[in-house]
**Q** 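Supplied in structure tokens, the structure appears directly below.
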Amino acid sequence: APHSHQASHPTARFKVFNKRMREEALRLLTIETDLRRAVERQEMRLHYQPVVALEDGGLHGVEALLRWTRTEGGDISPAEFVPVAEDTGLITSIGAFALEEVCLQLSRWNEAGLPPPGVVHVNISGRQFMQPGLPYAVEMLLERTGTDPRALRFEVTESVLMRHGSQAITVMAQLRDLGIRLCLDDFGTGYSSLGYLKRLPVDSIKIDRSFVAGLEYDRDGQAIVRSIVSLGLHLGLEIVAEGVETSTQAEILASLGCRYAQGFLYAPPVSADDLAAMLGAAPFPSTGGGVFAGGSV
């Protein structure tokens, strides 16, 4: 009996493993199928997360973030659908929708007489960024919607630029010629060198949230952030810290010389209507000018 029990055990485990694999494959297939119709069904929308000046709590800008609510099936997390969109190439059409929606939303706020939310950060995926003709398509969109290019800041991850090298730098230069500012996202995770960073036509860098989490008690994390801020300031770049959740994190970032932040300490991503209510309202929490390394501006 013991022998037959042991012999059957691996088979049972194999069946369970296959069942889980099958269920995961079906789940991903369902997401892909629904994702192909999400834009035309108007299931996609944008939320906006404030980017705040640490010194005075003023609204410096916003980041546009995709949200998806299926007609049948409810909300799907970006952590689930974005990788599927990237793997299938659907991210290109979804990214084009997001960029156009940002331009249209800027027009809506302007027509409503609302103050602008500052520069709007728009995430550009690797596939979308390296798509032939992107600068021309962006130029046409700006003309069609009447959008001031200075209102936009395209975020591109460090890994994308490392992967595509000089070709990516050419695209960045073309976008800069249109008047669009550029931000290096998830900075510190791609291991780019100082020499390489100096070649990039970027205006700002974002400190990845992984370096901000636990900043209160992580001396190594503080040392990394200090180095990133020092490097960014040396190159004349604007620096934004992501994932700020506590006032202590904000104070440490300010003391290290970082001047802008976004995260749940200030606000989660909110709808365009909810953001409109924030425009011109009281400032967000601030650290005060005296906290900054080197004094206030």
Side-chain angles (χ1 to χ4, degrees), residues 35 38-39 43-51 60-68 76-106 117-131 134-135 137-138 141-142 147 149-164 168 171-172 174-176 178 180-190 200-210 212 237-244 260-264 267-272 275:
L35 199 54
V39 172
E43 295 175 347
M44 287 284 176
R45 65 194 188 283
L46 291 179
H47 277 194
Y48 300 86
Q49 185 170 37
V51 176
H60 180 65
V62 295
E63 179 179 358
L65 296 162
L66 274 169
R67 293 294 181 263
W68 179 25
I76 305 295
S77 166
E80 284 192 275
F81 74 79
V82 169
V84 175
E86 290 178 341
D87 289 344
T88 58
L90 291 169
I91 195 68
T92 301
S93 58
I94 293 173
F97 155 78
L99 181 55
E100 180 165 2
E101 178 60 23
V102 165
C103 293
L104 294 174
Q105 187 58 59
L106 283 167
V119 67
V120 180
H121 293 243
V122 184
N123 292 283
I124 307 294
S125 73
R127 279 180 179 266
Q128 185 181 8
F129 188 75
M130 300 311 301
Q131 183 183 23
L134 174 68
V138 171
L141 175 63
L142 295 177
T147 303
R150 294 171 298 179
L152 300 175
R153 180 167 293 172
F154 286 2
E155 292 193 12
V156 185
T157 63
E158 190 177 3
S159 59
V160 168
L161 303 184
M162 297 276 296
R163 189 180 311 123
H164 296 284
V171 175
M172 296 178 81
Q174 292 171 334
L175 292 170
R176 279 284 295 270
L178 294 176
I180 291 173
R181 288 176 276 186
L182 299 164
C183 175
L184 195 54
D185 195 15
D186 298 341
F187 187 78
T189 62
L200 298 177
V202 297
D203 305 276
S204 62
I205 56 178
K206 273 194 170 182
I207 301 174
D208 187 66
R209 63 183 63 248
S210 63
V212 176
L237 302 176
E238 187 177 282
I239 304 156
V240 180
E242 292 186 295
V244 179
Y260 303 102
Q262 68 182 95
F264 277 47
V270 297
S271 68
L275 180 66

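Please read these numbers as outputs of a predicted model, since none were measured by experiment.
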**Q** Please report the shortest heavy-atom distance between Leu275 and Pro117, naming the atom on each side.
**A**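 It is CD2-CB, 4.4 Å.
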**Q** Quick check: do Leu175 and Met172 have side-chain heavy atoms less than 4.5 Å from each other?
**A** no
**Q** When you compare the side chain of Met44 with that of Leu35, does any pair of heavy atoms fall below 4.5 Å?
**A** yes
**Q** According to the interplanar angle, ranging from 0 to 90°, do the rings of His60 and Tyr260 count as parallel (below 30°), tilted (30 to 60°) or perpendicular (above 60°)?
**A** parallel
**Q** Against Glu63, only a single residue in His47, Lys206, His121 fulfils side-chain hydrogen bond (donor to acceptor under 3.5 Å, both in side chains); can you say which?
**A**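 Exactly one option meets the side-chain hydrogen bond (donor to acceptor under 3.5 Å, both in side chains) with Glu63, and it is Lys206.
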**Q** Quick check for you: to the nearest 0.5 Å, what is the distance between Ser93 atom OG and Gln131 atom CD?
**A**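 Reported to 0.5 Å precision, the distance equals 9.5 Å.
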**Q** Look up atom CD1 in Ile205 and atom CG in Leu200, then write down how far apart they are to the nearest 0.5 Å.
**A**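 Those atoms lie 11.0 Å apart.
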**Q** Would you compute the distance between atom CD1 of Ile180 and atom CZ of Arg153 and round it to the nearest 0.5 angstrom?
**A** 12.0 Å
**Q** Stepwise, does the side-chain contact (heavy atoms from CB on, under 4.5 Å) test hold for Phe81 with Arg67?
**A** CA-CA 10 Å; Phe81 74 79; Arg67 293 294 181 263; over 6 Å; no
**Q** Rounded to the nearest 0.5 Å, what's the gap from OH on Tyr48 to OG on Ser271? Could you check?
**A**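 Between Tyr48 OH and Ser271 OG, I get 9.5 Å after rounding to 0.5 Å.
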**Q** Before giving the answer on side-chain contact (heavy atoms from CB on, under 4.5 Å), spell out for Glu100 and Leu141 the whole-Å C-alpha distance, their side-chain angles and the decisive distance to 0.1 Å.
**A** CA-CA 7 Å; Glu100 180 165 2; Leu141 175 63; 3.9 Å; yes
**Q** Can you name the closest pair of heavy atoms from Gln128 and Ala96 and give their distance?
**A** NE2-N, 3.5 Å
**Q** How many angstroms lie between atom CD1 of Ile94 and atom OG1 of Thr88, to the nearest 0.5 angstrom?
**A** 7.0 Å
**Q** Closest heavy-atom contact between Arg176 and Arg181?
**A** CD-CA, 4.5 Å
**Q** Could you tell me whether the side chain of Asp186 and the main chain of Asp208 form a donor-acceptor pair under 3.5 Å?
**A** no
**Q** Determine the minimum heavy-atom distance between Pro50 and Pro268, stating which atoms define it.
**A** CD-O, 4.1 Å
**Q** Do Leu142 and Leu152 come close enough that some side-chain heavy atom pair is under 4.5 Å?
**A**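 Counting from C-beta outward, Leu142 and Leu152 do come under 4.5 Å.
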**Q** In Å, rounded to the nearest 0.5 Å, how long is the span from CD1 of Ile91 to CZ of Phe129?
**A** 15.0 Å
**Q** Just so I know, are the side chains of Leu66 and Leu46 near enough to count as touching, which here means a heavy-atom distance under 4.5 Å?
**A**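 They are in side-chain contact.
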**Q** Between Pro135 and Gln174, which heavy-atom pair has the shortest distance, and what is it?
**A** CG-OE1, 3.1 Å
**Q** Within the structure provided, determine whether Leu65 and Asn123 are in side-chain contact (heavy-atom separation under 4.5 Å).
**A**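 They are in contact (side-chain heavy atoms under 4.5 Å apart), so the answer is yes.
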**Q** Can you name the closest pair of heavy atoms from Ala261 and Val244 and give their distance?
**A**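 The pair with the smallest heavy-atom distance is CB-CG2, 3.7 Å.
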**Q** Ignoring hydrogens and geometry, is there a side-chain-to-backbone donor-acceptor pair from Glu242 to Gln262 under 3.5 Å?
**A** no
